[in-house]
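What follows is a set of notes on a single structure, which appears directly below.
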Amino acid sequence: MNITKFQHDLVNWYEAEKRDLPWRRESDPYKIWVSEIMLQQTRVDTVIPYFNRFMEQFPTIDALASADEEAVMKAWEGLGYYSRVRNLQSAVKEVAQNYGGSVPADKDKFLSLKGVGPYTGGAVLSIAYGLPEPAVDGNVMRVVSRLLSIWDDIAKPSTRKIFEQAVGELMYEEDPSSFNQALMELGAIICTPTSPSCLLCPVQNHCQAFEEGVQRELPVKTKKKADKKVHIGAVVLSTNDGRILIEKRPESGLLANLWQFPNVEMPAETNPRHVLESFVEQEFGVKAAVSSNKVTDIKHVFSHLTWEIDVYTGVIEGDVEKERTQLVEKEKVESFAFSVSHQKIWNHVKGRKE
DNA sequence: AATCCGGGGCC
DNA sequence: GGCCCAGGATT
């Protein structure tokens with residue numbers, strides 16, 4: 001391959017065809033950083049409205065560093081992988097304290113921040129500071145596997161280093177920002193997973209896989225094994241004066257720190273109403289009268305497991321005194337950050353009449 | 001190296 | 001249904 005010609009063909013195409021995205025109108029390293037965190041395992045179209053709202057609420061490092069955690073979670077609600085935003089706020093606080101509020105342009109320093117790995121490190125340092133660091137994500141591994149006909153399994157963690165090496169050798173030192181973004185843009189628009197548009201590709205002449213006619217066989221990626229299923233019973237509990245019981249999930253693990261309605265994994269072959277009433281009394285110390293029939297059922301698919309949630313309603317008497325638990329007015333429920341599955345629960349229940 | 005961690009949009 | 005997505009932390 002003629003590397004110089006490849007670089008120019010790629011970057012010239014990028015400059016002419018790149019999408020107009022909100023973070024591409026910004027040069028503030030903080031905003032580039034936030035966009036890269038949001039874009040982890042998340043499509044551009046999903047991220048755009050979250051990015052715009054986030055920047056209105058938290059326009060600077062100081063704004064995010066000093067923001068209320070609940071407000072930050074609410075801004076991330078529905079975006080998934082919630083540890084991303086907790087790590088981001090933690091890292092931003094560190095930048096505010098230890099680096100005078102400016103994102104460090106040093107690789108070791110930036111990569112030491114929470115939530116910043118090899119991809120995000122390379123992306124921010126190249127895009128915001130013009131450093132010639134590779135930024136290898138799924139797009140780039142797909143594109144480069146085809147360009148250079150690399151048949152290593154991209155599902156294996158060790159394979160990423162092979163691609164970092166390759167991208168380092170292809171790097172366009174005069175404009176690392178455009179080069180890295182061009183590789184990703186090509187993967188997003190032209191060099192797509194199942195049916196790449198090779199006839200429209202600006203670097204078709206440089207592509208080993210196209211020359212060999214094997215572009216649809218690359219990249220090699222082994223499948224992961226099947227996920228688990230969990231049967232859950234959930235209950236929306238009202239007090240006689242119309243308040244709703246919500247609780248905050250644990251600080252770590254699945255959907256950490258998000259709010260939810262009381263729920264428990266359901267054993268097979270038991271009376272669900274009895275199970276839920278016992279659970280509520282144990283967990284919250286109040287007697288509950290739970291509906292005998294479920295209101296609805298919700299199937300919610302995560303990346304690694306599936307919840308099948310049967311939803312009930314119930315009534316409780318008296319107050320609840322428990323950590324991370326609140327009785328809130330109906331009108332206030334939606335001011336808390338819920339996972340999508342529990343948003344679905346509330347949307348089914350809130351319009352009902354008792 | 002394997003597993004955990006969300007959610008949505010394709011095909 | 002399975003697959004993939006501008007991945008990182010934990011074990």
Side-chain angles (χ1 to χ4, degrees), chain A residues 14 18-19 21-24 32-51 73 76-88 90-91 111-128 133-144 153-161 163-164 167 177 179-189 191-195 219 221-229 249-258 298-307 337-344:
Chain A
Y14 174 70
K18 64 182 176 186
R19 292 168 290 178
L21 304 175
W23 44 93
R24 287 188 178 154
I32 305 295
W33 180 12
V34 172
S35 75
E36 292 299 342
I37 299 296
M38 287 187 170
L39 286 162
Q40 289 171 6
Q41 298 292 289
T42 311
R43 292 172 191 281
V44 165
D45 289 341
T46 303
V47 167
I48 289 172
Y50 282 92
F51 178 81
M73 286 302 290
W76 207 269
E77 181 188 47
L79 198 50
Y81 287 132
Y82 298 93
S83 66
R84 289 185 292 176
V85 71
R86 195 160 63 155
N87 287 336
L88 175 62
S90 170
L111 279 164
S112 74
L113 297 171
K114 284 183 183 167
V116 178
Y119 165 74
T120 304
V124 173
L125 293 175
S126 64
I127 296 171
E133 297 289 339
V136 174
D137 68 342
N139 277 318
V140 170
M141 286 198 282
R142 182 174 61 255
V143 169
V144 175
D153 180 5
I154 68 168
K156 296 174 62 167
S158 58
T159 301
R160 195 196 70 249
K161 294 180 180 174
F163 286 93
E164 285 176 346
V167 171
S177 169
F179 177 78
N180 278 339
Q181 292 187 79
L183 281 179
M184 294 186 275
E185 192 82 347
L186 191 68
I189 296 176
C191 197
T192 52
T194 54
S195 58
K221 185 174 187 179
T222 55
K223 307 186 209 319
K224 59 167 192 168
K225 48 185 180 182
D227 59 337
K228 296 175 291 189
K229 285 190 172 142
R249 292 178 61 85
E251 296 180 351
S252 63
L254 183 64
L255 303 171
N257 283 337
L258 289 175
I298 291 167
K299 181 176 177 174
H300 192 79
V301 180
F302 295 95
S303 50
H304 59 300
L305 80 133
T306 299
W307 276 353
F338 287 83
S339 69
V340 168
S341 55
H342 283 254
Q343 292 177 51
K344 291 177 187 168

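Below, chain A is the first sequence line, B the second, and so on; all start at residue 1.
Y119(A) and Q40(A) share no side-chain donor-acceptor pair at under 3.5 Å. Side-chain contact annotation: R84(A) with T42(A), donor-acceptor N/O pair under 3.5 Å present.
For dC4(C) and dC5(B), the C1' atoms lie 16 Å apart once the distance is rounded to whole Å. Using P as the reference atom, dG8(B) and dG8(C) are 22 Å apart when rounded to the nearest Å. Between dT3(B) and dA6(C), the distance separating the two P atoms is 25 Å to the nearest Å.
Listed candidates were dA2(B), dG8(B), dG6(B). Nearest to the side chain of V340(A) is dG8(B).
A tilted orientation is assigned to the rings of W307(A) and H300(A), their planes being inclined by 30° to 60°.
For K161(A), the NZ atom is loosely surrounded, since the number of other residues' heavy atoms within 6.0 Å does not exceed 12.
Between K223(A) and L113(A), the residue anchored nearer the 5' end of DNA chain C, judged by the nucleotide with its closest heavy atom, is K223(A). Nucleotides of DNA chain B nearest to Q343(A) and T194(A) differ in position, and the one nearer the 5' end is that of Q343(A). Comparing D45(A) and L254(A) by the nucleotide of DNA chain B whose heavy atom lies nearest to each, the residue mapping closer to the 5' end is L254(A).
Regarding contacts with the backbone of dG7(B), a side-chain N or O of H300(A) is found under 4.0 angstrom from either OP1 or OP2. One finds no side-chain N or O of Y81(A) lying less than 4.0 angstrom from the OP1 or OP2 phosphate oxygen of dC4(B). For dC5(B), one of the phosphate oxygens OP1 or OP2 lies less than 4.0 angstrom from a side-chain nitrogen or oxygen of H304(A).
In this entry the distance linking CD of E77(A) with P of dG8(B) reads 11 Å, nearest Å. The CD1-C1' distance, from I154(A) to dA1(B), rounds to 17 Å in whole Å. Following rounding to the nearest Å, L305(A) (CG) and dC4(B) (C1') show an atom-to-atom distance of 10 Å. Look at CG on L258(A): it is 10 Å from C1' on dG6(B), rounded to the nearest Å.
A distance-only check finds a donor-acceptor pair linking the side chain of N180(A) to the backbone of E133(A) [under 3.5 Å].
With a heavy-atom cut-off of 4.0 Å to chain A, the contacted part of DNA chain C has its first and last nucleotide at dG1(C) to dA9(C).
In this structure the side chain of L254(A) reaches within 4.5 angstrom of the side chain of L305(A), judged on heavy atoms.
Nucleic acid contact class of S341(A) (heavy atoms, under 4.0 Å, all strands): none. T42(A) comes within 4.0 angstrom of a nucleotide base, judged by non-hydrogen atoms across all strands. Residue contacts for S303(A): at a heavy-atom cut-off of 4.0 Å it reaches a base atom on one of the strands shown. I127(A) comes within 4.0 angstrom of no nucleic acid atom, judged by non-hydrogen atoms across all strands.
Here the shortest heavy-atom pairing between V340(A) and G78(A) reads CG2-CA, 3.9 Å.
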